[in-house]
2 protein chains.
Amino acid sequence: MSNLKSVAKHSKVSIATVSRVINNDPKVSKATMLKVMASIEALEYKPNRVAQRLRSTNNKTKLLGLIIPDIQNPFFVDVVRGVEDYAYQNNFAVMIGNFGQDEKKEKLYLDILQSENIDGLIVAPIHGKDKGIENLVKKNIPVVCIDRGLTEIDVDVVKVDNEQGAFNAIDHLLSIGHRRIAFISGNFKIPTYIERLAGYKRALNDYGVAFDEKLIFSRDTDYKSGFEIANKILELKDRPTAIFSGNNLLTLGALEAIHAKSIKIPEEISIIGFDDMPWSISLNPPLSAVRQPGFDMGRKAAEMLYERMLNPAKKKENIILKTELILRKSTTRLE
Amino acid sequence: MSNLKSVAKHSKVSIATVSRVINNDPKVSKATMLKVMASIEALEYKPNRVAQRLRSTNNKTKLLGLIIPDIQNPFFVDVVRGVEDYAYQNNFAVMIGNFGQDEKKEKLYLDILQSENIDGLIVAPIHGKDKGIENLVKKNIPVVCIDRGLTEIDVDVVKVDNEQGAFNAIDHLLSIGHRRIAFISGNFKIPTYIERLAGYKRALNDYGVAFDEKLIFSRDTDYKSGFEIANKILELKDRPTAIFSGNNLLTLGALEAIHAKSIKIPEEISIIGFDDMPWSISLNPPLSAVRQPGFDMGRKAAEMLYERMLNPAKKKENIILKTELILRKSTTRLE
DNA sequence: ATTTGTCATGTAAACGTTTACATTGTGTCA
DNA sequence: TGACACAATGTAAACGTTTACATGACAAAT
């Protein structure tokens, strides 16, 4: 690989001058600039980002870290795409870690990314008191939290109005006559789900429907839990007429359970999922869902991160995006 | 952040000794080793991977590049997970680029990853004559191609037996009486799809069924194409009794089209998709599919890459994994 | 007592950049 | 003409490591 030195030799200037050309330093004369550019072209020189990063921390050679809990979840895929979209346009590189709700793994990624001198980090914290992330913030490494914030410390956050999103879903179900609505939640140690439960309760309250603890189910936040919980729900004596499921994966698990028992959606049971998926419309019947703008969240987070990099002293922001209730065919009026 | 120097000062040895401790050099005495370890602990020292990578190319601080065409495709998500799984176990970091079938973007990622001094690259080439990747191979940077190979040059490849996979699907459809089977293919500039077509033809041939060009459809490799092509197919006068769709996204698009027209699967039309998805069983009816072992492919590719890093002169390998035909409820015997 | 060898440690160069500072050349002003 | 400003370029240190080589201490061999 060619380097500064070889370019310098080729165009008979010092390496400092070549470096200046690369960085568009206005102090270099037009003539030498052209000469150097020609050499760069000829030798196919590309700056070594590792050396750049080692030398200067100041977001010259930008590297972003992105740590997400579950890359199998289409919502996080959207987030990744959003971050990546912004990164691509601004010549950042992105380093991704997928920790699968494993705190040890998250910790390891945090360490690795720090060792890689990342300029900033976007992360969906495993819970609100994540010490590892807190430490980064304290070290003044730019951090933006996505999907969930941190409770102990002030930090930039991009999230969604979970309470309102859940409210809208339940409100809709109530408005079409449902009264026994089961909630398949993710793990309540994740703040997101606490907020969604609050929305559920508020809607019930608005309609004067009593809250029934027995209709709330929470275990892990994965496919299997969705399947198992739905099975339990479907066997309840006084079976709920509708299910509100707390995320993507839980919804899919629930659908498997429902189909396996040949229970008809929406005639025999209605279902709304939190999280829309690109192919929700391909399901049979097409699924009604609370859509989170994952792509936009990712983009916004990357943008905020960049601003924070440029201006570390800036006041911390808390961006809350709206969800959208998308009604398709998986819910129907209760006669 | 603490560094070698601060650790050296803290334990009153030279930085060379500290470095030796980090790298488990046997030449350092037990006593100093313990002393240095204590300092490392006390100062929470973590080696700076950037400096390590700059200094030594020889896979000490391992960084893998991973370039995939489409992170929205669950198959590639599985590949990512496989690569990441191996990387995690072996303390590599992974840098991911998602180029969305855009050759310019792929090129950019190739450049960035090179500038990041990656120790090796796993990539799904956009087509068989990808010059950018060829160049890397010629520069002796370890490269493993995944899902598709390169035609002009010898390179390590991990792929799947596409021909046989398609054959199995079509063979099954033929065996249960179907004769007019539409193939919704991805773009034929991607070698994968040429191979799948070959399997389609071989099965037909085995059954003595004439090949009908009019049943083969190819445009882009995305959801929209699947939807549009399926619409066209469903409106054919002599409508096919079965559809074989060439990948994940095409299948989902096709399903939307079928459901929108309220055509019953499998009573009115059978469908088999190439690529299984974690939630294929949640579809209604559960989808029959040709399963590719994406996770295993990713793991295997990472493993091969590591071997190539350790032994650059090793003979190039071409690993072909088997697909598996998973029969669920989206196909039925033609009466 | 001197030589030799071994082991543990230190010194300094190198990786490819950026950048503070020094140097050179040129033109302007008094 | 001499002093000076300014523009363009060069020199060298620094970023945090690894590692070839040098050094020193000590034990064994002569």
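This is a predicted model, so every value here is computed, not measured.
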What is the distance from [atom1] of [X] to [atom2] of [N], rounded to the nearest Å?
| X | N | atom1 | atom2 | value |
| --- | --- | --- | --- | --- |
| A/L4 | D/dG10 | CG | P | 13 Å |
| A/K30 | D/dT9 | NZ | P | 14 Å |
| A/I40 | C/dT17 | CD1 | P | 10 Å |
| B/K9 | D/dG16 | NZ | P | 13 Å |
| B/D25 | D/dT17 | CG | P | 17 Å |
| B/E116 | C/dT17 | CD | P | 12 Å |
| A/R55 | C/dA14 | CZ | P | 18 Å |
| B/I22 | D/dG16 | CD1 | C1' | 10 Å |

Cationic N near anionic O, under 4.0 Å, [X] to [Y]:
| X | Y | value |
| --- | --- | --- |
| B/E116 | A/R53 | yes |
| A/D111 | B/K46 | yes |
| B/D154 | B/K316 | no |
| B/R81 | B/D78 | yes |

Among the candidates [options], find the nucleotide nearest to the side-chain atoms of [X].
| X | options | answer |
| --- | --- | --- |
| B/Y45 | D/dA8, C/dG10, D/dT17 | D/dT17 |
| B/A16 | D/dG16, C/dT18, C/dG10 | C/dG10 |
| A/Q52 | D/dT9, C/dT9, C/dT17 | C/dT17 |
| B/N48 | C/dT18, C/dG16, D/dT17 | D/dT17 |
| A/L54 | D/dT17, C/dT17, D/dG16 | D/dG16 |
| B/V13 | D/dT17, D/dT9, C/dG10 | C/dG10 |
| B/A51 | D/dG16, C/dG10, D/dT18 | D/dG16 |

With a 4.0 Å cut-off on heavy atoms, is [X] in touch with a base, just the backbone sugar-phosphate, or nothing at all?
| X | result |
| --- | --- |
| B/S29 | sugar-phosphate |
| A/I15 | base |
| B/T17 | sugar-phosphate |
| A/V50 | nothing |

Should [X] be listed as having a side-chain N or O under 4.0 Å from OP1 or OP2 of [N]?
| X | N | result |
| --- | --- | --- |
| B/N3 | D/dT17 | no |
| A/S56 | C/dT17 | no |
| B/S19 | D/dT18 | yes |
| B/T32 | C/dT9 | yes |

Taking the side chain as every heavy atom from C-beta outward, state whether A/I67 and A/I122 have any pair of such atoms under 4.5 Å apart.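 Heavy-atom side-chain distance check fails, nothing below 4.5 Å.
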Is there a donor and acceptor pair closer than 3.5 Å between the side chain of B/R20 and the base of C/dG10?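 Looking at the base of C/dG10, it does pair with a donor or acceptor on the side chain of B/R20 (distance under 3.5 Å).
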Would you say the base of C/dG16 and the side-chain of B/R53 have a donor-acceptor pair closer than 3.5 Å?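 Per atom types, no contact qualifies.
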Can a donor-acceptor pair be found between the side chains of B/N3 and B/N48 at a distance below 3.5 Å?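 The answer is no; no qualifying pair exists.
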